[in-house]
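Excluded from the calculations below are hydrogen atoms, water molecules and symmetry mates; all remaining heavy atoms, backbone and side chain alike, are included.
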Amino acid sequence: LLTGCESIVSGHNQPVSVETRHAGKAVAGASCKLENDKGTWFVTTPGSVTVRRSYSDMNVRCDKDDLPPGLLTVKSGTKAMAFGNAIFGGLIGAGVDVATGAAYDYPSLITVLMGETAGPARSGEPKAAFDENRTP
């Protein structure tokens, strides 16, 4: 019964891609640490890592020798599928997914601007960094 709930909202883990930028240009080779209440993960940009979903914010710090660090707080959002689980799995299924973090998502692409502190960004936004002066 519990595994059926988890399959509706696609599990506890989620792949995310991380990129770093500075002065409008891509920066390769930054070392990034992603952290929430479920664990800590490391990735070198540009790159991808599988993180544990959580209701809690994800704190991201990227460092590269010749640049100031980039700091970002990423908010998780409730996945639309979690509401379907409440219908098909009932309150128990929904409760399990909320408790384990499986009901939540982070953005699939996290962009960290080196030398800036940004956040909080919400899941579902195309990029997780806020910079009004930046062009896509």
Side-chain angles (χ1 to χ4, degrees):
L1 181 65
L2 294 180
T3 57
C5 302
E6 185 176 318
S7 65
I8 290 176
V9 294
S10 67
H12 304 286
N13 298 318
Q14 174 192 351
V16 295
S17 295
V18 181
E19 69 176 10
T20 45
R21 301 186 70 79
H22 182 70
K25 296 180 182 173
V27 173
S31 299
C32 299
K33 176 181 172 182
L34 293 77
E35 189 171 27
N36 67 18
D37 66 333
K38 304 287 186 186
T40 303
W41 302 269
F42 299 91
V43 65
T44 300
T45 62
S48 297
V49 64
T50 299
V51 299
R52 181 88 184 232
R53 289 184 166 103
S54 174
Y55 172 77
S56 296
D57 295 352
M58 169 106 39
N59 294 310
V60 182
R61 179 188 174 106
C62 295
D63 292 288
K64 186 163 168 111
D65 289 337
D66 56 340
L67 294 171
L71 305 170
L72 179 65
T73 300
V74 182
K75 291 272 190 196
S76 67
T78 304
K79 297 190 299 184
M81 294 295 284
F83 298 109
N85 189 23
I87 294 168
F88 295 110
L91 291 177
I92 292 173
V96 168
D97 287 340
V98 167
T100 62
Y104 305 103
D105 249 342
Y106 293 107
S108 58
L109 175 62
I110 298 172
T111 300
V112 179
L113 302 177
M114 301 303 290
E116 296 188 25
T117 300
R122 296 210 178 268
S123 176
E125 293 178 358
K127 297 225 178 191
F130 297 119
D131 183 359
E132 294 174 5
N133 300 319
R134 194 175 106 208
T135 57

Should [X] and [Y] count as side-chain neighbours, where that means a heavy-atom distance under 4.5 Å?
X	Y	value
Thr20	Lys64	no
Cys62	Met114	yes
Lys33	Thr40	yes
Leu34	Val18	yes
Asn13	Arg53	no
Ser48	Pro15	no
Ser56	Tyr104	no

Quick one: do [X] and [Y] end up in the same hydrophobic cluster if we chain Ile, Leu, Val, Met, Phe, Trp and Tyr together by side-chain heavy atoms under 4.5 Å apart?
X	Y	value
Trp41	Val74	yes
Val49	Val112	yes
Val27	Leu113	no

Exam field: side chain Asp57 to backbone Asn36, donor-acceptor pair closer than 3.5 Å: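 No, Asp57 side chain to Asn36 backbone: no donor-acceptor pair under 3.5 Å.
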Yes or no on side-chain hydrogen bond (donor to acceptor under 3.5 Å, both in side chains) for Ser31 and Thr44, after CA distance, side-chain angles and deciding distance? CA-CA 5 Å; Ser31 299; Thr44 300; 4.6 Å; no
Could you check Glu19 against Thr45 for side-chain hydrogen bond (donor to acceptor under 3.5 Å, both in side chains), going step by step and ending with a plain yes or no? CA-CA 5 Å; Glu19 69 176 10; Thr45 62; over 6 Å; no
Go through the steps to decide whether Val16 and Leu109 satisfy the test side-chain contact (heavy atoms from CB on, under 4.5 Å), and finish with yes or no. CA-CA 6 Å; Val16 295; Leu109 175 62; over 6 Å; no
If you count heavy atoms of other groups shown closer than 6.0 angstrom to CG of Asp65, is the number above 12?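 No.
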Spacing of NE2 belonging to His12 relative to OG1 belonging to Thr50, to within rounding of 0.5 Å: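 These two atoms lie 14.0 Å from each other.
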Is there a side-chain contact (heavy atoms from CB on, under 4.5 Å) between Asp105 and Gln14 once you walk through the steps? CA-CA 7 Å; Asp105 249 342; Gln14 174 192 351; 3.1 Å; yes
Show your working on side-chain hydrogen bond (donor to acceptor under 3.5 Å, both in side chains) between Asp37 and Tyr55 and close with a plain yes or no. CA-CA 9 Å; Asp37 66 333; Tyr55 172 77; over 6 Å; no
